[in-house]
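Let me begin by presenting the structure, written as structure tokens, before commenting on it.
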Protein chains: 2
Amino acid sequence: MTGLSEHLPSDAAAPTTSGQDATQHDTTRRDRKKLATRQALRCAALDLVASRGYAHVTVEDIAEAADVSPRTFFNYFPSKEAAVLGDDELLGELRAEILGRPSQETPFQAVEHVVCSHIAARSRHPDSTWRDPVELYRRMRAVQDDPYLRVALVAHMAAFERVVADAVAERTGADTASDPYPALLASAAMAVARVALLYWARGGGATAAEDVVRAGFHALSSGLADSSSMTETLAKGAR
Amino acid sequence: MTGLSEHLPSDAAAPTTSGQDATQHDTTRRDRKKLATRQALRCAALDLVASRGYAHVTVEDIAEAADVSPRTFFNYFPSKEAAVLGDDELLGELRAEILGRPSQETPFQAVEHVVCSHIAARSRHPDSTWRDPVELYRRMRAVQDDPYLRVALVAHMAAFERVVADAVAERTGADTASDPYPALLASAAMAVARVALLYWARGGGATAAEDVVRAGFHALSSGLADSSSMTETLAKGAR
DNA sequence: GGTCATGTTGCAGCCACTATAACGTTGCAG
DNA sequence: CTGCAACGTTATAGTGGCTGCAACATGACC
């Protein structure tokens, strides 16, 4: 956050799907290696954290498991947390998508839609391999199981809050300094997403993540009046 | 968070109000010194952070300013953040007060009431000296002004979320594992409190903190439907 | 005044993270 | 295919947050 942020690759490309010789299509050898290293690091991080707990894994361990030097780890991730919680490349998309929603939608609707569809896309099912070899589900399991990471996730999502708040303000022409609504909506929405995702992970992925999140937004839009506001929606969806 | 948490004193006692010879009433000399040290550390931390920014203040600086050894700093606070964000002793009160609200109140009402009255109590006015010589307002100013602290505050409040969620679950007899409502309510409430307090600090304390928070809860209970849901309430309150 | 409990300190050490400067690879142009 | 330039990797050394431990000092109580 302080530095120059010249962190190199991004997960968001190169499926490396089942086809083994999709190796050469418009990515150079360098890019492929970078991506491989990044994935190895992420994967090692998740494995180690899952088995030992976040506090008992050092950056050195992760680097070793991915067979790179500890210093190299920091060329890919700005912090140990980032390797586990990841997803930073998604911030830009989020902004663009909120701004891109039809203008007759209320900010609430726009945010709900964007958040839900993002989560739907990256959560398919606990064992699908879509584009991120290290998946949302594993991350959320790790977070759910580790007290330190539960706190870290909240902090991590502060970045999302800010982006969402700015995008909402831009949509409505509000001034962030004088109008607390964008920040309020963003924070509440991220709280919903976080609680819902952890609930989803806790339940082993039984209900689709998207449905849990949508139920959370529904409860939110009903003013959180009633403890049944969410469970009912979920039960209805499960039928 | 990992250790034994045998951190010693607590702010929540000994007004040391204007009377200078309230020095001996049922506090021992030791207790008074501890409290003084704690306050000196907190105060030094806030001063230094306000003038230089969080990242450019070391624990050594704070300890030096309070005239204790760096090691002693960690006898009082588990981390540098804690010295600035503080207020941990408040967690127990929060739980008790939520459980103590009349049982005909909905969880939402109970949480709203407790949060609002807490904030009302500790925010009186930017220059009052009530019981905490280092005040909520200064803290929120520091947080508002420093990007790192904005994130840290979110993480810090995760502890509150948990306590509130547990208390709500206990009130309603819900099972935290199967019912996401308590966590959802707690997270949303803390989001409201946080956004409102930062807004309050940004505005220089013009509107009473309590009113801003209450407006936030009102917007939340209206489902965040509309960007005017909060500003209108605020305007009405200001009249 | 003696003694026990409690708070303070220095020291040694772990780990996250950074700056810098070699060093090895890759890509590319001739 | 050769050599150069861009780029990624690594070792080294250092800063700072934080902890455990073992003296040491100070206040409490008899």
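What's counted below: heavy atoms across the whole structure, side chains too, no hydrogens, waters or symmetry copies. Below, read A as the first sequence line, B as the second, and so on, with proteins coming before strands; counting in each chain starts at 1.
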Measure the distance from [atom1] on [X] to [atom2] on [N] and round it to the nearest whole Å.
X	N	atom1	atom2	value
K34(A)	dT9(D)	NZ	C1'	13 Å
I62(B)	dG16(D)	CD1	C1'	12 Å
N75(A)	dT18(C)	CG	P	11 Å
Y148(B)	dG16(D)	OH	P	15 Å
Y76(B)	dC18(D)	OH	P	18 Å
L41(B)	dG17(D)	CG	P	14 Å
R38(A)	dT9(D)	CZ	P	12 Å

Quick one: what's the B/S/- string for nucleotides 20-30 of chain C, heavy-atom cutoff under 4.0 Å, read 5' to 3'?
-> B----BBS---

Could you let me know what dG30(C) is paired to, Watson-Crick or G-U wobble, both distances under 3.5 Å, or none if it's on its own?
->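 Across all strands, the one nucleotide that pairs with dG30(C) is dC1(D).
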
Is there any salt bridge (charged side-chain N to carboxylate O under 4.0 Å, His left out) pair reaching into [range], and which pairs are they, with sequence neighbours excluded?
range	answer
residues 53-68 of chain B	R52(B)-D61(B)
residues 190-208 of chain A	R194(A)-E161(B)
residues 68-85 of chain B	none

Under-4.0 Å side-chain N/O to phosphate OP1/OP2 contact, T72(B) with dT8(C) |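 Indeed not, no polar side-chain atom of T72(B) lies that close.
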
Listed partners of S69(B) passing side chain to side chain donor-acceptor pair (under 3.5 Å), at least two apart =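 T72(B).
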
With sequence neighbours left out, write down each residue that passes side chain to side chain donor-acceptor pair (under 3.5 Å) with E112(B), or none if nothing qualifies.
->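 Listed in chain order: nothing, the list is empty.
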
Would you call the rings of W200(A) and Y137(A) parallel, tilted or perpendicular if under 30° counts as parallel and over 60° as perpendicular?
->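 Correct class here is perpendicular.
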
What residues form a side-chain contact (heavy atoms from CB on, under 4.5 Å) with A65(A), not counting sequence neighbours?
->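 By the side-chain contact (heavy atoms from CB on, under 4.5 Å) rule, A65(A) matches A44(A), L48(A).
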
Please list, chain by chain and in numerical order, all residues satisfying side-chain contact (heavy atoms from CB on, under 4.5 Å) with V163(B), sequence neighbours excluded.
->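 Listed in chain order: L91(B), L94(B), R95(B).
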
Using a cut-off of under 3.5 Å, enumerate the N/O to N/O pairs linking the protein to nucleotides 14-17 of chain C.
unit_1	atom_1	unit_2	atom_2	d
dA16(C)	OP1	K80(A)	NZ	3.2
dA16(C)	OP2	V59(A)	N	3.2
dC17(C)	OP2	K80(A)	N	2.6

Name the one of I62(A), V84(A), D47(A), L46(A) that satisfies side chain to side chain contact (heavy atoms under 4.5 Å, CB included) with V57(A)?
->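 Exactly one pass, corresponding to I62(A).
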
